[in-house]
Structures are given as structure tokens and as C-alpha cells.
**Q** 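Sharing a structure here in C-alpha cells format.
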Amino acid sequence: MNTEIILPKLLGAGIYNASAVYKNIEITPARRTAVFEIELPTENGGASYIDGAENPVRNDHLICAKPGQMRCTRLPFVCRYVHLLVSGGALADSLINAESYMYIDDVSKYETLFREITEAFANPFDGSEIYLQSRLLALIYSIRSDSRRAAVNAAAESNSVTRALAYIDSRCFEDITLGEIAQHVNLSRTYFHSLFTRAVGMTPQRYILQKRLGAAKTHLLMSKKSVSDIAYETGFSSQSYFNYVFKKETGVTPGDYKKMMYNKYPK
């Protein structure tokens, strides 16, 4: 483990509004970073792209782009920023190993650090270099600590979602509730719903519905079962409700779907 402390060089700090720089475009030109670019979004909206990975911009997240990464941004994007040159040692390692985009619990802590750094950088005073180094070290330490915590939480969350998906897949044709799934993975209903939606891209209820509809479509095409039997076997409470949901999702009734799919293929 590298324990050498090489102090960072502050290259810039302030508030950045991409819309004021780039006019009439949706996404800024891609560029390769040369230094550490640490940013605290002040508004929700837009997206940040780092090495092709897209992340929605939120004011409760921190962005830590590393030297050599490719970046671009979908507008709008407004942030506080600190740009650092760190040539090596433990501080550089801490930033390199940090999550590029992470949720932060204590937004006010970072707001204070960014504000203190920006004000001291813009208005130097006797001893401001020492003061700035103290604030930069506090910022790097906070990023290091919160990133490690975020990595541990992400691993735990990923495990919870994986267990939830397996549980849903094994029981999705039964009368399963959000509360049962949350209890199975030892999470509160509200937190589980938010976690699952963020990880899978749809709510648990929507995921269950898609699984049921997928199975129903297979039965319609591959079996000779009645629509009523298919409805009950795939977890719908009644044929009428199945017909309603199926048409709402596909635009056609189950019977019309079956005919439409059969007519696609030559006899």
C-alpha cells in the first residue's frame, strides 16, 4: 500500500454551467480528462458520461472523473467543481480507486467543502495556501471514506436484488406481494422498491407483470389451453382482468394476438 503523501495542486474551483458554454446542443463534445475533476451537481437533470457509462445527474451524487477518462455531458448540467493535479502517492490512489459516480448521504458536508475551497481559491489571503490544503485533504478523505462505504453498500444491494429476482422468478405466477419480497431480502418495503427499481429499471410490480405476460404469450402460441386457463396459470386473478391487462400492454386481445402471430408464418 502506497503511504507517501504528495500534496495536490489546485488548478481550478468554482461553479460551472454547461448551458452557458454550449449553445443549442444536447450533449457536449467528448473529451479526455487530464486531471482529477471532482464535481457536485447543484441541480437534477441531464446525464454525465464517463468512459461510455451513463449516469443521471442528481444533486445528491458526487462525480469524480480521473485523468485519461473520456467525458461528455447531456444538458442541463450545473455543478460546483474542483480540479486537482495529484502526481502520485496515497492521495492519488484514493481518488483513482474512488467511485466515478456515487451517492452521498451528507450533501451539506460537500457543499461546505466546495464553497470553502472556491472562496479561498478566488480570494487568497495570508495563509490561504495552508488553508486550501487542509480543505483539499478533507475533501479527498471524505471521497475515500464515502466511496468505500458506497462500494460495500453496492455489493450488499446487488446481492439483495439478485435474491429478490430469484424469489420473484420462482413465485411470479402466485399471489405475491411487495411486502413478501421485501421481507424475503430483509429490507423495508419503501427501500426495497427504490433499490429494485434503480437496479432493474422497472418497479417490482412491473417486473412481475412482464414475467406473467411473457409466459402468457408463450402459452397462447405453444399450447391448446383456453384463455381462462392461461390467465389463472400465469397469475392473473380472472380472465377479464387478464384480457384488460393484455390489451392495455400489447394493443390487442389475447385471441387477436394469437391469430396475428399465427398469420405471420406461412402454413
Side-chain angles (χ1 to χ4, degrees), residues 12-22 25-31 33 35-66 69-84 94-118 135 138-161 164 182 187-207:
I15 296 178
Y16 173 72
N17 185 344
S19 297
V21 178
Y22 298 98
I25 64 172
E26 181 181 0
I27 299 180
T28 63
R31 60 183 178 82
T33 58
V35 298
F36 290 102
E37 300 181 358
I38 306 169
E39 298 166 352
L40 182 68
T42 61
E43 300 177 4
N44 293 332
S48 174
Y49 300 85
I50 298 179
D51 285 344
E54 177 183 358
N55 287 286
V57 171
R58 294 176 53 90
N59 59 10
D60 58 357
H61 283 70
L62 185 82
I63 299 170
C64 182
K66 290 87 172 178
Q69 292 183 318
M70 291 298 297
R71 294 197 65 187
C72 61
T73 305
R74 187 175 75 239
L75 305 184
F77 180 63
V78 183
C79 71
R80 294 182 179 274
Y81 72 90
V82 170
H83 290 175
L84 297 175
S94 293
L95 293 176
I96 288 172
N97 293 326
E99 298 290 320
S100 294
Y101 189 85
M102 64 178 181
Y103 169 78
I104 49 178
D105 290 312
D106 191 353
V107 176
S108 63
K109 173 182 67 175
Y110 285 94
E111 288 176 337
T112 298
L113 285 169
F114 274 81
R115 184 176 62 254
E116 291 171 342
I117 293 169
T118 298
R135 298 298 82 203
L139 176 62
I140 295 172
Y141 178 78
S142 294
I143 292 172
R144 178 180 183 272
S145 299
D146 290 342
S147 183
R148 287 186 172 186
R149 189 180 304 112
V152 171
N153 290 343
E157 290 176 351
S158 177
N159 181 58
S160 294
V161 172
L187 297 175
S188 70
R189 286 166 51 99
T190 302
Y191 179 68
F192 168 71
H193 186 276
S194 174
L195 170 63
F196 187 96
T197 303
R198 186 171 68 248
V200 180
M202 65 181 76
T203 65
Q205 296 91 333
R206 183 73 184 171
Y207 179 80

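No experiment lies behind these values; they were computed from the predicted model shown.
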**Q** Using atom types as modelled and distance alone, determine if a side-chain donor or acceptor of Thr33 lies under 3.5 Å from a backbone N or O of Lys66.
**A**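 It does hold such a pair.
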**Q** Report yes or no: does Ser147 contribute a side-chain atom to a donor-acceptor pair with the main-chain N or O of Glu99 at less than 3.5 Å?
**A**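 Yes: the side chain of Ser147 pairs with the backbone of Glu99.
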**Q** Look up atom CZ in Arg198 and atom NE2 in His193, then write down how far apart they are to the nearest 0.5 Å.
**A**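 Between Arg198 CZ and His193 NE2, I get 12.5 Å after rounding to 0.5 Å.
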**Q** Kindly indicate whether the side chain of Thr197, heavy atoms from C-beta on, has any atom under 4.5 Å from the side chain of Arg206.
**A**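 Heavy-atom side-chain distance check fails, nothing below 4.5 Å.
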**Q** Would Asp146 and Lys109 satisfy side chain to side chain contact (heavy atoms under 4.5 Å, CB included), going step by step from the backbone distance to the final call?
**A** CA-CA 12 Å; Asp146 290 342; Lys109 173 182 67 175; 3.2 Å; yes
**Q** Checking the side chain of Tyr110 only, and the main-chain atoms of Ser142 only, is there a donor and an acceptor separated by less than 3.5 Å?
**A**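 Yes, Tyr110 side chain to Ser142 backbone: donor-acceptor pair under 3.5 Å.
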**Q** Which value, rounded to the nearest 0.5 Å, describes the distance between Ser160 atom OG and Phe196 atom CZ?
**A**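 Those atoms lie 12.0 Å apart.
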**Q** May I ask you to test the Phe77-Glu39 pair for a side-chain heavy-atom distance under 4.5 Å?
**A**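 When only atoms from C-beta onward are counted, Glu39 and Phe77 do touch, with a gap below 4.5 Å.
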**Q** Indicate the atoms forming the closest heavy-atom contact of Met102 with Ile143, along with that distance.
**A**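 Scanning both residues completely, I find the closest heavy atoms to be CE-O, 3.7 Å.
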**Q** Given 3.5 Å as the limit, does a donor-acceptor pair link the side chain of Asp60 with the main chain of Ile104, or not?
**A**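 Flag not set: sc Asp60 to bb Ile104 has no pair under 3.5 Å.
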**Q** Has the side chain of Thr28 got a donor or acceptor atom that lies under 3.5 Å from a matching backbone atom of Thr73?
**A**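 Looks like yes, one N/O pair under 3.5 Å.
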**Q** Tell me the closest heavy-atom pair linking Ala182 and Phe192, and the distance in Å.
**A**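 Between these two residues, the closest heavy atoms are CB-CB, 3.9 Å.
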**Q** Determine yes or no for a side-chain-to-main-chain donor-acceptor pair under 3.5 angstrom, with Asn59 supplying the side chain and Pro41 the backbone.
**A**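 Pair absent, no side-chain N/O of Asn59 close to backbone of Pro41.
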**Q** Evaluate the side-chain proximity of Glu37 to Ile63: yes if any heavy-atom separation is below 4.5 Å, no if none is.
**A**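 No. Closest side-chain heavy atoms not under 4.5 Å.
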**Q** Say you draw a straight line from CG of Leu40 to NE2 of His61; how long is it, rounded to the nearest 0.5 Å?
**A**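 That separation rounds to 11.5 Å.
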**Q** Flag the pair Ile15 / Thr118 as yes when at least one side-chain heavy-atom distance between them is below 4.5 Å, and no otherwise.
**A**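 SC-SC contact between Ile15 and Thr118 ruled out.
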**Q** Which atom pair, heavy atoms only, marks the closest approach of Cys72 to Ile27?
**A**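 Where Cys72 meets Ile27 most closely, the heavy atoms are SG-CG2, 4.0 Å.
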**Q** Please round to the nearest 0.5 Å and tell me the distance separating atom OG1 of Thr112 and atom CZ of Arg135.
**A**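 CZ of Arg135 is found 9.5 Å from OG1 of Thr112.
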**Q** What are the two closest heavy atoms between Tyr22 and Pro29, and how far apart are they?
**A**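 Taking Tyr22 first and Pro29 second, the nearest heavy atoms are CE2-CD, 3.4 Å.
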**Q** Looking at side-chain heavy atoms only, is the closest gap between Leu84 and Ile140 below 4.5 Å?
**A**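 Yes - at least one pair of side-chain heavy atoms lies under 4.5 Å apart.
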**Q** Could you pull out the closest heavy-atom pair between Glu43 and Val57, with the gap in Å?
**A**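 Taking Glu43 first and Val57 second, the nearest heavy atoms are O-CG1, 3.6 Å.
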**Q** If you take all heavy atoms of Arg74 and Glu54, which pair is closest and at what distance?
**A**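 Shortest heavy-atom separation between Arg74 and Glu54 comes out as NH1-OE2, 3.0 Å.
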**Q** Side chains of Ile50 and Asn55: closer than 4.5 Å at any heavy-atom pair?
**A**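 The answer is no; the side chains never approach within 4.5 Å.
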**Q** Please walk me through it: do Leu139 and Phe114 pass side chain to side chain contact (heavy atoms under 4.5 Å, CB included)?
**A** CA-CA 8 Å; Leu139 176 62; Phe114 274 81; 4.0 Å; yes
**Q** To the closest 0.5 Å, what do you measure between CD (Glu111) and CG (Asp106)?
**A**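 If we round to the nearest 0.5 Å, Glu111:CD and Asp106:CG are 9.0 Å apart.
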**Q** Taking C-beta and beyond as the side chain, do Phe36 and Ile96 meet within less than 4.5 Å on heavy atoms?
**A**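 Yes, close enough: below the 4.5 Å cut-off.
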**Q** To the closest 0.5 Å, what do you measure between OG (Ser108) and CZ (Arg115)?
**A**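 Answer rounded to 0.5 Å: 9.5 Å.
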